[in-house]
Amino acid sequence: MKIICVGRNYADHAKELGNSIPDEPVIFMKPKSALLQNHTPFYYPEFTNELHYECEIVLRVSKNGKYIQEKHASNYYDAVTVGIDFTARDLQDELKKKGLPWEKAKAFDNSAVVGKFIPVTPEFNRKSINFSLLKNGEKVQEANSSQMIFSIDKIIENISNYFSLNIGDLIFTGTPAGVGECVTGDVLEGFIENQSLFSVEVK
Ligand code: ZN
């Protein structure tokens, strides 16, 4: 199982971090060890002083494939949820400045929080998914999947040109504006529409 993530997939988020709008999806990965297991606490990592939350729609891959065309992409995932791409922003800024890979800042243990999955039924509107994140009960991120620069289907097409998709892989589709810091004691709760799909406390 692997976790594939898209960076800079919402224009207002690219802007808030001072990044340009990409003309091709920005892709990075997290290993299996990055997945926060259910009912396991998330501990503030010791190597950062600026931990950021990034709430994102997450897809669950349900079919093996490579060179998947956009028009067939919807056959390759069967469930969606929201998750958090935890980021050590100070470390990431340092690595970016040096032109080095991001993994230490993005792919560390437990850096991927994944909520309860909602099955994608024929009634489920894949093109318009409202999602949001509350921090300590206050809304800090809110967006609709239609605001993505690269749609879910385009992302799947692009990723599969480089990496085989396998059943059980997870795809983080990028975060909208509103990312910010969290500290010990904060509680983060993610929603699709009005359905709460995860709640995680930073210990
Ligand atoms: Zn992200």
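No experiment lies behind these values; they were computed from the predicted model shown. When a ligand or atom number is given, it counts from 1 through the structure's own listing order. Throughout, numbering of the chain's residues begins at 1 and tracks the sequence.
- Side-chain atoms of S146 and N144 form a donor-acceptor pair, as typed in the model, at a separation below 3.5 Å.
- With hydrogens and angles left out, the side-chain atoms of T87 and K106 include a donor and acceptor closer than 3.5 Å.
- The atom of E54 nearest to the Zn ion (ligand 1) is OE1, with the search restricted to N, O or S atoms.
- Here the side chains of K32 and I3 are not in contact, with every heavy-atom distance at 4.5 Å or above.
- The atom of D85 that is an N, O or S and sits closest to the Zn ion (ligand 1) is OD2.
- A donor-acceptor contact closer than 3.5 angstrom is absent between the side chains of T173 and E56.
- Take the N/O/S atoms of E56: the one nearest the Zn ion (ligand 1) is OE2.
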